[in-house]
Amino acid sequence: MHSDSGKRYGEDVLAGDWRRPRKGAVAEVALEHGLVLESADEGFCGAVVGWDKRTVTLEDRNGRHRVFDLEPAAFLVDGRPTTAVRPAAAPTGPTRSASGSIAVRGARSRVARESRIYVEGVHDAELVERIWGHDLRVEGVVVEYLEGVDHLPAIVAEFGPGPGRRLGVLVDHLVPGSKESRIAEQVASPDVLVTGHPFVDIWQAVKPSVVGISAWPEVPRGVPWKEGVLKALGSREETGEAWQRILGSVRTYADLEPELLGRVEELIDFVTAARGVQD
């Protein structure tokens, strides 16, 4: 997700801005975790929690995150125009994974625990891996997919959950009165946690701005959702091709809707809480 100030205000976003001095008159500061930056355009102030080749993620005092482009004189430090740049070498302090957790350097994948997380389909699994893959490997948690929520009761019965062998399940469109909610009620137990997000499809969990649209289109009832979205957007892509483009645009947890973030974190906490029994 990138700052869209250039799109909203035109190409010459620096014109007439007293906070943006001439080229060569701006100090540079190397990014590091905890560095406080203020956006020169938007006034958002926060500490650095992560960055990539083109953007930096800031967290304000209320825990809100924003992603900004690493542009010349894009920030203020102590009230002075500053260009934030990536450090020349890898930082010596803690680094963050795509999920925002502290990355464990040089960690080998832990032997898989008996506990598992299931998601509905391949796209769900790929998105979870992209953001939480590091965390899951450190914890030794395997993610598998259901190929449809209708298979959930049979999978739970075959899995045989119990103390030290927990099962977490992420379901699409888990809203009261839905088919998904009724199936979830059938398998509920102290060792099975079924949770979910309100989106019809996992695509919707990616913020629209991340893929360059203002909102996900409304799809008429009875029309396959993915195909309906592509048609509404005027895209000729196949669903698989479109998904790879969407997935490729996701870099950190800040690119996803909070309704998904909280549920995945909840599932990871649930299945790893059985550690004491297993270890």
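As a basis for the values below, the full set of heavy atoms in this structure was taken, side chains included, without hydrogen atoms, waters or symmetry mates. The structure displayed is predicted, hence computed values, not measured ones. Just so you know, residue 1 is the first one in the sequence shown, and it goes up from there.
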Inset, instruction - For the pair Arg66 (side chain) and Phe44 (backbone), establish whether a donor and an acceptor sit closer than 3.5 Å, ignoring hydrogens and angles. - result: no

Inset, instruction - Can you measure from CG (Asp41) to CZ (Phe75) and round to the nearest 0.5 angstrom? - result: 9.5 Å

Inset, instruction - Verify the cluster assignment for Val210 and Val49: are they in a single hydrophobic cluster under the rule of side-chain heavy atoms below 4.5 Å apart? - result: yes

Inset, instruction - Identify, with sequence neighbours excluded, every residue that meets ring pair (Phe, Tyr, Trp, His ring centres under 6.0 Å) alongside Tyr145. - result: none

Legend entry - Verdict with reasoning, Ile202 to Val119, per side-chain contact (heavy atoms from CB on, under 4.5 Å): CA-CA 10 Å; Ile202 195 66; Val119 296; over 6 Å; no

Inset, instruction - State yes or no: do Tyr253 and Leu136 share one hydrophobic cluster built from I, L, V, M, F, W and Y residues joined by side-chain heavy-atom distances below 4.5 Å, directly or via other members? - result: yes

Legend entry - Side chain to side chain, Val77 and Leu37, heavy atoms closer than 4.5 Å: yes

Legend entry - Gap separating the OH atom of Tyr118 from the CG atom of Leu146, nearest 0.5 angstrom: 7.5 Å

Legend entry - Polar side-chain atom of Thr57 near backbone of Thr55 as donor-acceptor pair, under 3.5 Å: no

Legend entry - Check: Lys207 side chain, Ala254 main-chain N or O, donor-acceptor pair, under 3.5 Å: yes

Inset, instruction - Determine whether Gln244 and Leu247 make a side-chain contact, defined as any pair of heavy atoms from C-beta on separated by less than 4.5 Å. - result: yes

Legend entry - Test item: Asp269 side-chain N/O and Glu266 main-chain N/O as donor-acceptor pair under 3.5 Å: no

Inset, instruction - Check whether any side-chain heavy atom of Val171 lies under 4.5 Å from a side-chain heavy atom of Glu120, and answer yes or no. - result: yes

Inset, instruction - State, without any angle test, whether Trp243 and Glu237 hold a side-chain donor-acceptor pair at a distance under 3.5 Å. - result: no

Legend entry - His197 side chain vs Glu259 backbone, donor-acceptor pair below 3.5 Å: no

Legend entry - same_hphob_cluster(Val141, Val192) at 4.5 Å side-chain heavy-atom cutoff: no

Legend entry - Side chain proximity check, Asp191 to Pro163, heavy atoms < 4.5 angstrom: yes

Inset, instruction - For the residue pair Glu129 and Arg137, establish whether any side-chain heavy-atom pair is separated by less than 4.5 Å. - result: yes

Legend entry - Straight-line distance of Gln204 CD to His173 NE2, nearest 0.5 Å: 8.5 Å

Inset, instruction - Mark yes or no for whether Arg165, through its side chain, and Phe159, through its backbone, hold a donor-acceptor pair below 3.5 Å. - result: yes

Inset, instruction - Might you point out which heavy atoms bring Ala205 and Leu260 nearest each other, and give the distance in Å? - result: CB-CD2, 3.6 Å

With a 3.5 Å cut-off and sequence neighbours excluded, list the donor-acceptor pairs that the side chains of residues 214-233 form with protein atoms.
unit_1: Trp216; atom_1: NE1; unit_2: Val206; atom_2: O; d: 2.9
unit_1: Lys226; atom_1: NZ; unit_2: Asp201; atom_2: OD2; d: 2.5

Inset, instruction - Determine, step by step, whether Asp150 and Lys179 satisfy the salt bridge (Lys or Arg N to Asp or Glu O under 4.0 Å) criterion, reporting the C-alpha distance in whole Å, the side-chain angles of both residues, the deciding distance to 0.1 Å, and the verdict. - result: CA-CA 9 Å; Asp150 293 331; Lys179 175 187 74 173; 3.4 Å; yes

Legend entry - Transitive ILVMFWY side-chain link Val122 to Val200, under 4.5 Å: yes

Legend entry - Straight-line distance of Ile268 CD1 to Asp135 CG, nearest 0.5 Å: 5.5 Å

Legend entry - Shortest non-hydrogen separation from Val271 to Gly168 and the atoms involved: CG1-N, 3.7 Å

Legend entry - Validation row: Leu58, Val48 side chains within 4.5 angstrom (heavy atoms): yes

Inset, instruction - Find the distance between CD (Glu32) and CH2 (Trp51) and round it off to the nearest 0.5 Å. - result: 7.5 Å

Inset, instruction - Evaluate side-chain contact (heavy atoms from CB on, under 4.5 Å) for Leu256 paired with Leu127, printing each intermediate quantity in order. - result: CA-CA 10 Å; Leu256 303 181; Leu127 187 60; 4.0 Å; yes

Legend entry - Thr82 side-chain N/O to Leu76 backbone N/O, donor-acceptor pair under 3.5 Å: no

Inset, instruction - Mark yes or no for whether Arg116, through its side chain, and Glu144, through its backbone, hold a donor-acceptor pair below 3.5 Å. - result: no

Inset, instruction - Kindly give the heavy-atom pair with the smallest separation between Thr239 and Trp203, and that separation in Å. - result: O-CZ2, 3.6 Å

Inset, instruction - Answer yes or no: is there a side-chain heavy-atom contact under 4.5 Å between Val194 and Leu152? - result: yes

Legend entry - Cluster check Ile213, Ile246: I/L/V/M/F/W/Y, side chain < 4.5 angstrom: yes

Legend entry - Smallest separation among heavy atoms of Val26 and Pro81, with atom names: CG1-O, 3.5 Å

Legend entry - Pairwise distance CD1(Ile117) to CG(Leu170) - rounded to 0.5 angstrom: 8.5 Å

Legend entry - Distance-minimising heavy-atom pair for Pro153 and Gln186: CG-OE1, 3.8 Å

Inset, instruction - Taking all non-hydrogen atoms of both residues into account, name the closest pair between Glu265 and Trp132 and its distance. - result: OE2-NE1, 2.9 Å

Legend entry - Close side-chain approach of Val264 to Ile131, heavy-atom, < 4.5 Å: no

Inset, instruction - Give a yes or no on whether the backbone of Arg166 and the side-chain of Ser115 come within a donor-acceptor separation of less than 3.5 Å. - result: yes

